[in-house]
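As the structure is a computational prediction, the values presented were derived from the model and not from experiment. Scope of the values below: all heavy atoms of this structure, side chains included, with no hydrogens, waters or symmetry mates.
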Amino acid sequence: QVQLVESGGGLVQPGGSLRLSCTTSRFTLDYHAIGWFRQAPGKEREGVSCIGSRRGGTYYTDSVKGRFTISRDNAKNMVYLQMNSLKPEDTAVYYCAADPAPERNCGNPPRRYEFGYWGQGTQVTVSS
């Protein structure tokens with residue numbers, strides 16, 4: 001079973017920063033659109049950011065624009081989500097996900113059903 005692995009979550013004060021990482025040993029991430037989703041307690045899982053294959057276009061949900069940045073490190077087969085100026089409402093479990101079909105860009109917004117490979121999630125808590 002293909003699995004992605006996230007890391008980098010934790011507890012941070014409002015205004016702080018975290019960088020989430022996503023990787024897998026099963027395929028080359030650069031060939032696939034990669035999305036970051038989050039789910040807060042009692043809420044639907046929402047698409048936060050996405051990067052298309054081969055450094056394709058990026059997507060950010062309105063609430064994180066200007067604060068979050070998605071990027072790739074192809075040498076390490078990693079996708080990152082740099083999160084700055086964090087707010088309590090960013091508190092959630094964050095998941096990375098991959099579109100199993102190669103050579104595709106992100107939807108606008110990205111939809112859960114487009115992503116067939118998921119990680120286990122990493123908790124991000126923003127609190128003073």
Side-chain angles (χ1 to χ4, degrees):
Q1 184 176 354
V2 176
Q3 233 182 355
L4 306 177
V5 179
E6 306 100 336
S7 60
L11 172 64
V12 63
Q13 292 187 342
S17 297
L18 285 174
R19 188 179 75 164
L20 304 184
S21 301
C22 175
T23 191
T24 182
S25 61
R26 300 298 299 272
F27 58 91
T28 301
L29 293 180
D30 191 40
Y31 295 158
H32 300 264
I34 305 297
W36 284 97
F37 292 75
R38 67 185 179 188
Q39 189 165 18
K43 294 190 176 181
E44 295 282 326
R45 191 172 299 188
E46 66 166 338
V48 175
S49 183
C50 182
I51 187 166
S53 66
R54 309 289 192 136
R55 298 193 182 277
T58 56
Y59 165 88
Y60 299 95
T61 194
D62 286 345
S63 62
V64 308
K65 283 179 181 176
R67 300 189 298 122
F68 290 11
T69 304
I70 192 169
S71 62
R72 295 182 183 273
D73 184 337
N74 293 333
K76 296 181 179 179
N77 203 35
M78 299 280 272
V79 172
Y80 301 108
L81 185 67
Q82 178 67 44
M83 306 187 296
N84 299 329
S85 302
L86 282 161
K87 304 175 180 181
E89 51 264 42
D90 295 317
T91 296
V93 178
Y94 284 71
Y95 300 88
C96 74
D99 182 341
E103 310 290 356
R104 292 218 293 218
N105 280 318
C106 300
N108 186 19
R111 305 293 186 183
R112 285 184 62 179
Y113 62 80
E114 296 171 333
F115 295 84
Y117 305 142
W118 290 82
Q120 79 286 354
T122 185
Q123 177 70 46
V124 171
T125 303
V126 185
S127 175
S128 54

Just grab all the salt bridge (Lys or Arg N to Asp or Glu O under 4.0 Å) pairs involving [range], residues at least two apart or on different chains.
range	result
residues 105-128	none
residues 13-22	none
residues 68-88	D30-R72

side-chain contact (heavy atoms from CB on, under 4.5 Å) involving V124 - partner list, sequence neighbours excluded: L18, L20, M83, Y94, V126
Partners passing side-chain contact (heavy atoms from CB on, under 4.5 Å) against N84 (at least two apart in sequence or in another chain): S17, Q82
Rounded to the nearest 0.5 Å, what's the gap from [atom1] on [X] to [atom2] on [Y]? Could you check?
X	Y	atom1	atom2	answer
S53	E103	OG	CD	4.5 Å
M78	I34	CE	CD1	12.0 Å
Q39	E46	CD	CD	10.0 Å
L29	L4	CG	CG	6.5 Å

Listed once per pair and sorted, the disulfide bond (SG atoms under 2.5 Å apart) pairs that draw on residues 56-112, sequence neighbours left out: C22-C96, C50-C106
Ring pair (Phe, Tyr, Trp, His ring centres under 6.0 Å): pairs with one or both residues in residues 35-73, sequence neighbours excluded: F37-F115, F37-W118
Main-chain N/O of A98 paired to H32 side chain as donor or acceptor, under 3.5 Å: no
Under 4.5 Å side-chain linkage, directly or through intermediates, the cluster mates of Y31: none
Full working for side-chain contact (heavy atoms from CB on, under 4.5 Å) between T28 and N77: CA-CA 6 Å; T28 301; N77 203 35; 4.1 Å; yes
Counting C-beta onward and ignoring hydrogens, is there a side-chain heavy-atom pair between [X] and [Y] closer than 4.5 Å?
X	Y	value
S49	L81	yes
S127	P88	no
Y117	Q3	no
Y80	T23	no

Going by the rule side-chain hydrogen bond (donor to acceptor under 3.5 Å, both in side chains), which residues pair with [X] if we only count those two or more places apart in sequence or in a different chain?
X	value
D90	R38, R67
K43	none
T125	Q123
N108	none

Heavy atoms of other groups near E44 CD, more than 12 under 6.0 Å: no
